[in-house]
Structure formats: structure tokens, C-alpha cells
Amino acid sequence: MHLLRRYLGEYVHGLSAEALRISVWKGDVVLKDLNLKAEALNSLKLPVTVKAGFVGTITLKVPWKSLGKEPVIVLIDRVFILAQPAPDGRSLKDEDREKLFEAKIQQIEWLQELSGSLEAESATLEAISRSKLGKASISALILLEQIKMIQHKPPAGNSWLGSLIATIIGNLKISISNVHVRYEDSVSNPGHPFACGVTLAKLAAVTMDEQGNETFDTSGALDRLRKSLQLERLAMYHDSNHLPWKLDKRWEDLSPKEWVEIFEDGINESKEGDGVASTWARDRNYLVSPINGVLKYHRLGDQERKSPDIPFEKASLVLGDVSLTVTEAQYHDWIRLLEVISRYKSYVEVSHLRPGVPISKGPSLWWRYAAQAALQQKKMCFRFSWDRIQIFCHLRRRYVHLYAGFLQQLPNVDSSEIRDIERDLDPKIILLWRFLAHAKVESVKSKEAAEQRVLKKRSWFSFRWHTPEEASVEDTSEGSHSVEERLTKDEWQAINNLLSYQPTEDLTLHSGKDMQNMIQYLIDVSIGHAAARIVSINQTEILCGRFEQLHVSTKFKHRSTHCDVLLKFYGLSAPEGSLAQSVSSEQKVNALAANFVHSPVGENIDWRLAATISPCHVTVFMESYDRFIEFLKRSNAISPTIALETATALQSKIEKVTRRAQEQFQMVLEEQSRFNLLTCFSNSLFL
């Protein structure tokens, strides 16, 4: 119950004892009719806020009488969110700035929870001080715990409790149903209000057996994981020139029945005889039509990873029909919305530099803000003078000292000073400095433990004779403050490994030849039918592209990557007729068959590409070409800013690619890198 209040309390109102209905005998925890907070979407870092939100039920079913034999079930039903543009960043109030700061702190604490919660920090340090791991043990232990959590493995040991926890987590059953997130905007594109939203009928995750049937695994369910994720009717709509919903009452005063009446229509497929959709879902224009799919994930246990032909981890995604339709009005709305998001992100990056006084009262502060903001957006590091660097060095020492005292629970630590320092720092810098504080605390504890060992070894005549260990301890005791401020090479290496850690499988038990051929990850993606259409402002189709039976399989081995692509049919059409279309035959069933290998094993080449393309009929219509060019021109006129940013980004990308190509060409001349390219084109017909 404490965890529910802690994690859900950040998103919902009224989560108290009165909102909980607990059935001890049945093991059910039910939360009903919850209202979302306005800050519920802050983690997205977008200029949006929750205008109103509602969660129907959150149910946690724990089978206490058969725990470890039946799954723990989490059910979330009817999640409705109505979002709107956030206030203009240039007029943020103090409470809005505080919310941004709190969001940054939450991000840091979430990153820390990858290596252990804040409540467990002191216990971790105490446990390390009793061990024999050495000075770099704090960072090493944090790294070890992070690896365990990322790999979703239980703590070391075969205790009954650890096995029970692994069985519960490995067989956890989750279901999320009837989700509708709607965004209404009358600001981004003046004179053209729009509303867009995402709907989801159901998302369910269960444990399955080898035949694909739902099961309960009692033998290493967390080590040998097999999950199935069912996706039902995931869709996205966009209604251009659509005014926001108007109600006769405030959103906070809606009853649960009224919430369901407004938001639920259109999520599930309409049944025959239901009649016309309600006014809330009428004339809904789908950007992405409802999609159904299945994601299956299988991870082998540690003892099963023997055959090089069986992947350690396999994920397969199968999607049915995928349909995308973009009208010109929708495209213009999204361009304007992206422009707003771009301005907002630029503002957030420099919001901590913005003065808190009007321009008339502090013009020099605003000139400094303009210079610092421009330099930071350009990612220029020379904005730091030597004086500035010295200030940051002193600031780092002060912060590490204060946070180390906080970890040791010293009485004279000023937590407000810690928050003041964090307010103007980047989250990654704060996280690094906190790790330095951890290392400092461990260094102090290690030294104190060494002093205690020396005191126990001393005898009554030790004031005349000293062992080398005693002499070293006494020498360091005089300069304890400077020793505490320094980190050893091992400590820095442990911290760097932690910050740049990427999970890899333990392949030390296999020979070098087997290791190169073993498949670590296998990702399969299959799409039955897909189509994408662009519709003009006059509701005339500009272009329509479609393909059938796309299958992409990617194998990640120890040092090489293999990717296979199969496509049965593709085509591109316009109102005048077909522009391009593949032609299949008995000899060539697939329109495209391609194989790409990066760093192939046993071959003296860097990469290999083989592709076979079936015949293709191409027809060029000048009317279609002119219609598409006019579409692009109208889009550029709608938002010159986005067009300029796109052109600038494209030019920068071209320059980067050109420079990279020159570097690679030079490297090829020096290292004699090789590649193999095999392409087979069948006859194509151009008209």
C-alpha cells in the first residue's frame, strides 16, 4: 500500500485511505474513480498539461492462499486524459519553475533507482563497510545492482524468499484496457483549432509456454522468461478545424458515467445495431487506423545457452493491417505543433539561466542571459572562462561534501543548499556528483576500518615501534581532508563504467569460435498489409503507397549483425494511375529479397550486401508530379520557420556525411577496408 501511494500519488488526486477498498481475504486492492493531476504528463517534457484526467479502476489481485502457484494480476481500466497546451514559457510563474525543477529531480531519482532506492543508500554503504571489497566497492556494487535490475534477475542466492519473488515477478499478469488520451489545441495554429488523440482497446501481458498457451511457470520464471503481449485496436486520430469540447459543467464535476460516455466511444469496434456514433466520436478522422498485433518475447535461462543456432533473447512482432492517412490540413497542424515544441524545448534548455527580474530592472542580466543562452544552444564550451571553471570546481567540492553528509545522515547538513546548487545544474552533472559523494563516503569508511584494525593490533609498547601499515595510516590521518577529496583510478573507472554501462551477455564460458557464432538477440518484425495516403486540402488523393507481407529479421551476434528483408509486393499510385508497381512471377515470388551483414565472421570485408529485386513497372505522370510539388510549396508557406530549420538541418547533415565520407575514404586507403556488394535487378519497364 505504501508503494501504491508513493508511485501513484505523483499522478492522481485523492489517493488516501478513504480511496482504498481493501479485501484482505480475497487479496484485492481496488482504487476507483481517480482524478489525474495537471503534472501527470510532465515526464514527457512537452508543452502540454493535463486539463482533466480520470482513471476508472486500478486493481491488484494477490492470491495470498496460493502465492507462488497463481499469478499476481494487475488490471487498469478506463484511463482518460484530456490535455491542452501548457502556458507560454516566457510567462512562467514561480510555481511553474518549481514544477520544472521537481521534474528534473524526479528524473535524477529515477536514474538512481536503477542502482537502488534512496532509502537503501545508507544500508548499502553500511553493508559495504562490513565487507572486504576495497575502496572502489561502492561504485562496483551499484554497477552490479544495476546489471541485475536491467537483466531482471533476482539477487544472488537460492533462498526460498528469492525464489518466490522471482516466480511472482516472472508470472506477473498485466492488463490495460480502454485508454483514450486526447489533446486539444487552439493556440499552435491560430484560426485552425484541432484535436488529436490516441486510443487503445487493450494491452495484455501474460506468461506462455512453448506452444503459445498461457501458463504459470514455477521453475526459474524470471531467469527463463517467455512473455506474450497482445495489442488490440491501437489508433491515432486527428480532427482539423475542430473546436475543443464544451461542457455544461466543470471537468472536475463529471461523474464516472459521464466520463465513460464522453471518452469510451470509438475505442472498441462498433457492434452491428449500435447505430451512429455519439457526438463525441462523430466524424473522427484516423491518422493511423486501429492496429492489432502480437509481441512475443523469449529469453533462455543461463543453463540453456549452449546451442549457437538458438538466440539467447528473441522478440517477434506481428502486425496486421497498418493504414496511415495524412490530409494536408493535418500536415499543416503538425508542422505548427512541431514548431511550438521546438520553441519550448529551446526555452527549457536555457530556462535556468533566465533572470527573475523584469528587463527594465536588470538589463545587464538580460544581456548576459541572451549571450549564455545563444552559446548553450550552439553547444559551445568556450563560454566557460577560467574563473567560471574555478567556480564550478568549488561548487563540485561543496556539493560532494554536502551530499556525502546527507548520505551519512549528519545533523548539520543544509538540504536547502543542496537544492539551490541542483537548481542550476544539468541532471547528468547532478547524477555524476552524487556518485562522487558515494565514492567519498566509501573512502572515509574504508580508512576508518583500516584505523580500527591498526588499533586492535597495537600493543603496550607500540608507541616505539610501528608497523608499515600503522605508519601509512598515521601519514594519511593528517591530511584526511585532501585524501577524502581524491578518488583512486579504480574508483574513477568504476564510475565511468557505471555511467556508460551497456548490458552484455556473459559469454566467458564459451570458446572464442563459439562466441562469434552465437546469436545474442533475434528481432523479427512482420507486417501483413500497409498503406499510406496523402490527401490534399481539396480532399483529393495526392499519393498512395502500399506494400504486402514485409518481414524483417535481424540477428545480433557477438561482433556481427545480420539483417534479412523480404517484401512480396510494393506499389505507388496517384489519381492518374499506377506510378510504380512490382511484378511477381513463379521464379521470383518476392518483390525484394535483401541480406545485409556487418562485420561478417571469417571474411576479409567490413560489410556485405546482397539484394534481388523483381521487375517493376514505372509510369511518370506530370500532373502527379506538379500536384506533389504544389503540396510541398503550400506546406513551406504555412511555416517558414520549420522549413528553414529543416533546410539548415539537412545542410548540416549533408556536410556531416560529406566530412564522414572523406574520413572513411582516407581510412579505407590506410587500412584497406573491403566490402562486398551484390545486387540483382530484373527487367523494369519505364513509361
Side-chain angles (χ1 to χ4, degrees), residues 6 10 39 42 92-126 138-139 142 348-357 361-362 364-365 368-369 372-373 376 383-445 447-448 479-487 491-492 495 498-499:
R6 176 184 175 188
E10 299 179 2
E39 308 86 41
N42 280 357
L92 280 181
K93 301 178 182 179
D94 292 339
E95 52 266 28
D96 297 325
R97 297 175 186 271
E98 189 65 24
K99 290 177 182 178
L100 288 174
F101 174 69
E102 292 296 337
K104 180 174 71 172
I105 296 300
Q106 289 178 7
Q107 177 188 2
I108 297 170
E109 292 178 353
W110 178 82
L111 291 173
Q112 280 194 307
E113 286 181 355
L114 290 177
S115 55
S117 62
L118 294 175
E119 291 81 3
E121 287 178 353
S122 59
T124 304
L125 292 172
E126 187 65 25
I138 176 64
S139 297
I142 290 176
V348 170
E349 291 178 356
V350 298
S351 60
H352 62 283
L353 303 173
R354 192 179 182 90
V357 297
K361 295 184 179 180
S364 59
L365 297 177
R368 179 183 299 177
Y369 162 71
Q372 292 179 345
Q376 179 163 319
R383 66 179 182 274
F384 292 128
S385 62
W386 285 111
D387 293 338
R388 189 67 176 169
I389 293 176
Q390 186 178 16
I391 292 174
F392 268 90
C393 290
H394 288 301
L395 197 63
R396 177 187 62 82
R397 295 191 185 98
R398 181 60 180 169
Y399 182 86
V400 171
H401 175 73
L402 290 173
Y403 197 76
F406 169 76
L407 293 176
Q408 295 173 301
Q409 299 181 355
L410 299 180
N412 58 344
V413 176
D414 186 4
S415 59
S416 62
E417 185 177 356
I418 296 179
R419 292 179 63 86
D420 291 339
I421 297 176
E422 293 175 340
R423 195 175 299 276
D424 295 332
L425 294 177
D426 186 85
K428 295 180 181 179
I429 299 296
I430 298 175
L431 190 62
L432 174 60
W433 289 5
R434 287 191 178 186
F435 286 146
L436 294 177
H438 277 287
K440 177 180 178 180
V441 172
E442 172 55 24
S443 177
V444 173
K445 287 186 175 292
K447 187 186 65 177
E448 292 177 352
S480 60
H481 181 73
S482 60
V483 171
E484 293 173 13
E485 294 293 339
R486 294 196 301 268
L487 294 176
E491 290 171 347
W492 275 111
I495 291 175
L498 177 61
L499 293 178

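Below, all heavy atoms of this structure are taken into account, side chains as well, without hydrogens, waters or symmetry copies.
In this structure, Lys440 and Gln408 have side chains that are not in contact, with every pair of non-hydrogen atoms separated by 4.5 Å or more. The shortest distance between side-chain heavy atoms of Arg397 and Cys393 falls below 4.5 Å.
Ring-plane geometry between Trp433 and Tyr399 is classed as tilted, the angle between the planes lying from 30 to 60 degrees on a 0 to 90 degree scale.
Scanning all heavy atoms of the two residues, the minimum distance from Ala437 to Ala404 falls at CB-N, 3.9 Å.
Here the CG atom belonging to Leu436 is positioned 10.0 Å from the CG atom belonging to Leu431, to the nearest 0.5 angstrom. Note: Ile418 CD1 to His401 NE2 = 10.0 Å, rounded to the nearest 0.5 Å. Rounding to the nearest 0.5 Å gives a distance of 12.0 Å between CD of Glu442 and CG of Leu407.
Evaluation of the salt bridge (Lys or Arg N to Asp or Glu O under 4.0 Å) rule for Arg398 yields Glu417 as partners, not counting sequence neighbours.
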